[in-house]
Amino acid sequence: MDTSKERSGWSDQELEASIDAYLKMMSSEQNGLTFKKSVENQLLRDGPLSKRSASSIEYRMQNISAVLEQMDFPRIEGYMPAKNFGMGIGQRIRNILDKKVVPGAGESAPTAHHLTLISRAANLQKKGLKVEPKGNANPQQVSVTTMSYARDPKIRAWVAELAKGVCEGCGQNAPFEVDGLPFLEVHHVKHLAQKGSDSITNAVALCPNCHRRCHLSSDKHDFKLSLYRKVKRLIIE
Ligand SMILES: [Zn+2]
Ligand SMILES: [Zn+2]
């Protein structure tokens, strides 16, 4: 190890001060607040980074961007990642970041909530992941409490029978059979969670695609209106 370089290198205190300033600016950026990189730079040189030049601090900020990007975390737009670290600097920055709350990092945190998972993944996909994710061999098990509704099997049977194996959303045949019957999912057009009724005037038989569409799609509102138009027995609640 090159000890002379090590001695002239940045101390952990200096790195941490830079990281704290970086995360503060990133939080401002994410909250739509204005900040001046030059002001933050000056504050650092007036304080814990008195031995450093403005440009070396700017470069350190770009190193922090590079490490954040490697960790699949958000970074400050204005600091292009610079991957030329001095010896071990990248790892030391990472060790300090591990102990910090990174603003916006929650957007890529694992979640047991299905809709949160879908929306986080969509945001990441739009932003574009640069590094193939390592994944987790032992995903954390979490227990969740959910509220559910007791549904009447007669309503489900009746609505499925009316549909005769044809999706009331798209007109396609049920994709497969379950228990010897064509499989369609019975969906409450006004969701039970929104206090919709469990009745044949509020339930439609849908193929799994149309059912997912009702709950998740960008056009779910229009699709719901189209169901009200198409399926005459439905009554708007
Ligand atoms: Zn369908
Ligand atoms: Zn549903």
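For ligands, and for the atoms within them, numbers begin at 1 and follow the listed sequence. Nothing here was measured: the structure is a model prediction, and the numbers come from that model.
- For the pair SG of Cys170 and SG of Cys207, the angle at the Zn ion (ligand 1) is about 110°; rounding is to 10 degrees.
- A 6.0 Å sphere centred on NZ of Lys127 holds more than 12 heavy atoms belonging to other residues, nucleotides or ligands.
- Looking at Lys232, its side chain does come within 3.5 Å of a backbone N or O of Arg229 through a donor-acceptor pair.
- Not a single N, O or S atom of His188, from either the backbone or the side chain, sits less than 2.8 Å from the Zn ion (ligand 2).
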Side chains of residues 64-71: which donor-acceptor pairs under 3.5 Å do they make with residues two or more places apart or in other chains?
{"residue": "Ser65", "atom": "OG", "partner": "Tyr22", "partner atom": "OH", "Å": "2.6"}
{"residue": "Ser65", "atom": "OG", "partner": "Tyr79", "partner atom": "O", "Å": "2.7"}
{"residue": "Glu69", "atom": "OE1", "partner": "Arg75", "partner atom": "NE", "Å": "3.0"}

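- At distances below 3.5 Å, not a single donor-acceptor pair connects side-chain atoms of Lys100 with backbone N or O atoms of Glu16.
- Taking 2.8 Å as the threshold, Cys210 counts as a candidate ligand of the Zn ion (ligand 1), since one of its N, O or S atoms lies below it.
- The N, O or S atom of His215 lying closest to the Zn ion (ligand 2) is NE2.
- For His187, the N/O/S atom at the shortest distance from the Zn ion (ligand 2) is named ND1.
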Can I get a per-line list of side-chain donor-acceptor pairs under 3.5 Å for residues 169-187, giving both atom names and the distance, sequence neighbours left out?
{"residue": "Glu185", "atom": "OE1", "partner": "His211", "partner atom": "ND1", "Å": "2.4"}
{"residue": "His187", "atom": "ND1", "partner": "His211", "partner atom": "NE2", "Å": "3.3"}
{"residue": "His187", "atom": "ND1", "partner": "His215", "partner atom": "NE2", "Å": "3.2"}

